[in-house]
Amino acid sequence: MTQAEGRHLTNRATQTPLESIQFRPLWRCAAFTRLYLVKDSSHSLVQYKTNENIIFQFSSHLNKIKQMKILFFPSLQGQFPLTQNVTVVEGGTAILTCRVDQNDNTSLQWSNPAQQTLYFDDKKALRDNRIELVRASWHELSISVSDVSLSDEGQYTCSLFTMPVKTSKAYLTVLGVPEKPQISGFSSPVMEGDLMQLTCKTSGSKPAADIRWFKNDKEIKDVKYLKEEDANRKTFTVSSTLDFRVDRSDDGVTVICRVDHESLNATPQVAMQVLEIHYTPSVKIIPSTPFPQEGQPLILTCESKGKPLPEPVLWTKDGGELPDPDRMVVSGRELNILFLNKTDNGTYRCEATNTIGQSSAEYVLIVHDVPNTLLPTTIIPSLTTATVTTTVAITTSPTTSATASSVRDPNALAGQTGPDHALIGGIVAVVVFVTLCSIFLLGRYLARHKGTYLTNEAKGAEDAPDADTAIINAEGSQVNAEEKKEYFI
């Protein structure tokens with residue numbers, strides 16, 4: 001502050017100008033117009049405040065300033081450049097901003113990590129087409145760096161050309177985007193029970209990316225992880241290995257390798273591998289009815305699963321070929337028996353084969369009789385007044401298998417028991433006995449009437465010379481007998 005400027009200072013406590021005070025040129029500022037006394041302590045230590053809220057402290061003796069201190073200077077306090085660190089994805093655009101809250105037309109400058117000036121106020125200093133001016137004013141200098149590469153990473157400096165020069169640092173972080181992952185180690189096909197080892201690999205990530213494994217959308221935790229630094233010593237190559245033993249349930253399953261990284265904006269990169277597992281067939285026989293009966297058709301379906309699919313299937317009965325090809329027709333995986341009879345009882349076998357192995361299933365067929373039938377009433381005609389009526393209920397019995405009579409039919413209805421043969425034999429014996437008695441009585445009745453006729457005809461014919469005389473004598477004898485009978489009465 002110059003002595004001429006000090007002449008305008010006024011002692012607020014005494015309202016007298018401080019013209020006699022001699023000032024040293026400690027700070028050059030033309031904006032100071034008037035000082036106000038804010039503190040007075042025995043006239044030895046005095047604080048003054050300007051209308052710009054700048055507070056000075058004077059240490060005086062005999063109206064001479066021994067020392068002056070600036071306690072508060074708002075304009076000086078705000079003259080500091082402010083910057084922020086920036087993170088950008090490789091290939092993107094970075095915006096570097098430097099702000100000054102209070103600036104008295106002081107210049108701003110941006111420089112790169114190599115201390116090369118990029119912009120001085122609105123003047124471009126470095127010939128780089130990727131660097132452009134965004135905004136330039138007394139309070140802000142913003143520039144943009146497009147198509148950022150890993151080599152652009154580093155500490156950038158914003159300078160405010162005051163006395164002394166004030167600076168602020170902003171660190172530019174460039175994220176390396178990981179490449180699309182690749183899955184290796186799968187060779188199709190894989191046999192059931194083999195150990196499979198899959199490796200997922202991605203390069204170019206900065207910082208190192210994270211790899212996760214999924215099988216049918218279920219994450220697999222127990223995996224190996226390896227991180228290696230690339231030749232540029234800035235990015236990383238990351239690989240992960242998945243080991244597991246496969247079975248037939250893994251056939252057609254999709255294995256996913258997912259790469260997570262902060263540069264991917266919550267959209268991870270994935271690689272997928274569909275598994276193909278070969279395994280031996282599994283066979284099952286399904287009958288069209290659980291209770292096959294005599295006279296009905298029957299369809300046996302051989303349900304076989306395998307990889308590769310077994311085609312065709314082989315049908316046999318009791319270890320040999322089908323005995324009746326006309327009634328037993330094979331159509332694809334089905335065996336059609338047109339009309340069942342007792343000779344069809346036996347063990348049927350379905351055999352499926354593929355390039356991995358062979359498998360079979362068996363079905364024991366027991367043909368059941370038709371359900372119980374009630375016969376109509378039988379009437380035996382007779383010339384006598386006796387009528388014999390019989391009602392016979394014939395109950396059929398299932399025929400056991402010829403190969404193993406002690407083995408029960410697995411398809412038989414639960415709760416079925418065998419008939420009482422003794423009861424059936426007793427009923428048949430009674431019917432036969434009654435029939436024989438009826439025939440005997442009928443024969444005796446017929447024989448008796450025939451004898452009576454012959455006896456009457458022979459009366460009076462014993463002494464007759466011929467047949468006519470015998471008949472006349474027989475008739476006369478009857479008349480005489482009747483007359484004698486009347487006469488006697």
Side-chain angles (χ1 to χ4, degrees), residues 180-202 211-225 239-259 268-290 298-322 325 328-337 346-365 410-411:
K180 184 176 177 61
Q182 301 291 333
I183 296 179
S184 60
F186 178 77
S187 58
S188 179
V190 180
M191 302 303 169
E192 183 180 21
D194 288 353
L195 181 64
M196 178 178 292
Q197 185 177 82
L198 300 178
T199 301
C200 181
K201 186 176 182 180
T202 179
I211 296 180
R212 301 167 66 185
W213 287 95
F214 295 85
K215 187 166 74 170
N216 273 357
D217 298 330
K218 184 179 180 181
E219 186 173 1
I220 304 174
K221 295 291 186 179
D222 189 14
V223 295
K224 300 176 182 178
Y225 184 82
S239 62
S240 178
T241 303
L242 172 65
D243 297 327
F244 65 101
R245 195 169 299 277
V246 299
D247 56 26
R248 61 185 61 198
S249 63
D250 293 323
D251 184 49
V253 169
T254 301
V255 177
I256 299 176
C257 166
R258 191 175 86 181
V259 176
Q269 293 183 348
V270 297
M272 296 184 293
Q273 178 66 62
V274 180
L275 304 182
E276 182 182 0
I277 312 300
H278 283 193
Y279 54 93
T280 57
S282 59
V283 183
K284 181 181 179 181
I285 298 178
I286 303 176
S288 59
T289 175
L298 176 65
I299 300 177
L300 299 179
T301 302
C302 182
E303 187 180 88
S304 59
K305 297 180 181 179
K307 194 75 174 285
L309 187 66
E311 281 287 351
V313 296
L314 177 63
W315 284 98
T316 58
K317 178 190 177 185
D318 297 331
E321 296 181 355
L322 299 177
M328 301 178 179
V329 180
V330 177
S331 176
R333 302 177 184 277
E334 295 181 348
L335 172 61
N336 300 317
I337 303 178
T347 301
Y348 292 81
R349 180 186 179 92
C350 170
E351 184 177 289
T353 306
N354 62 7
T355 57
I356 309 302
Q358 173 183 323
S359 183
S360 63
E362 293 183 348
Y363 174 79
V364 178
L365 173 62
N411 297 320

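This chain uses plain numbering: 1 for the first residue, then up along the sequence.
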Distance (rounded to the nearest 0.5 Å) between [X] [atom1] and [Y] [atom2]:
X	Y	atom1	atom2	value
Ser360	Ile285	OG	CD1	8.5 Å
Lys317	Thr347	NZ	OG1	9.0 Å
Glu362	Cys350	CD	SG	11.0 Å
Gln182	Ser239	CD	OG	13.5 Å
His278	Ser188	NE2	OG	6.0 Å
Ile277	Asp247	CD1	CG	8.0 Å

Scan Glu311, Glu303, Glu351 and name whichever one has a salt bridge (Lys or Arg N to Asp or Glu O under 4.0 Å) with Arg333.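 The salt bridge (Lys or Arg N to Asp or Glu O under 4.0 Å) with Arg333 is passed solely by Glu311 among Glu311, Glu303, Glu351.
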Counting only N and O atoms by type, is there a donor-acceptor contact under 3.5 Å from the side chain of Asn354 to the main-chain atoms of Pro308?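 Yes, because the side chain of Asn354 sits within donor-acceptor range (under 3.5 Å) of the backbone of Pro308.
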Is the side chain of Lys224 donor-acceptor paired with the backbone N or O of Leu242 at a distance under 3.5 Å, no angle test?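 Between the backbone of Leu242 and the side chain of Lys224 there is no qualifying donor-acceptor contact (under 3.5 Å).
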Before giving the answer on side-chain contact (heavy atoms from CB on, under 4.5 Å), spell out for Val255 and Leu275 the whole-Å C-alpha distance, their side-chain angles and the decisive distance to 0.1 Å. CA-CA 7 Å; Val255 177; Leu275 304 182; 3.9 Å; yes
Is there a side-chain contact between [X] and [Y] in this structure, where contact means two heavy atoms from C-beta onward sitting under 4.5 Å apart?
X	Y	value
Leu300	Tyr348	yes
Leu298	Ser288	yes
Tyr279	Ile356	no
Ile211	Cys257	yes
Ser304	Val283	yes

Given side-chain contact (heavy atoms from CB on, under 4.5 Å), test Ser359 with Thr280 step by step and report yes or no. CA-CA 7 Å; Ser359 183; Thr280 57; 5.8 Å; no
Residue pair Phe244, Lys215: steps toward the side-chain contact (heavy atoms from CB on, under 4.5 Å) verdict: CA-CA 11 Å; Phe244 65 101; Lys215 187 166 74 170; 4.1 Å; yes
Any idea which heavy atoms bring [X] and [Y] closest together, and the distance?
X	Y	result
Phe186	Leu198	CB-CD2, 3.7 Å
Ile220	Val223	O-CG1, 4.0 Å
Asp250	Arg245	OD2-O, 4.0 Å
Val313	Ala352	CG1-CB, 4.3 Å

Evaluate the criterion side-chain contact (heavy atoms from CB on, under 4.5 Å) for residue pair Ile337 and Leu365; output intermediate values, then yes/no. CA-CA 11 Å; Ile337 303 178; Leu365 173 62; 4.2 Å; yes
Report the residue from Glu192, Met191, Arg248, Glu276 that forms a side-chain contact (heavy atoms from CB on, under 4.5 Å) with Lys307.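 Going through Glu192, Met191, Arg248, Glu276 one by one, the side-chain contact (heavy atoms from CB on, under 4.5 Å) with Lys307 is satisfied by Glu276 alone.
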For [X], does the [atom1] atom have more than 12 heavy-atom neighbours from other residues, nucleotides or ligands under 6.0 Å away?
X	atom1	value
Lys218	NZ	no
Gln358	CD	yes
Lys305	NZ	no

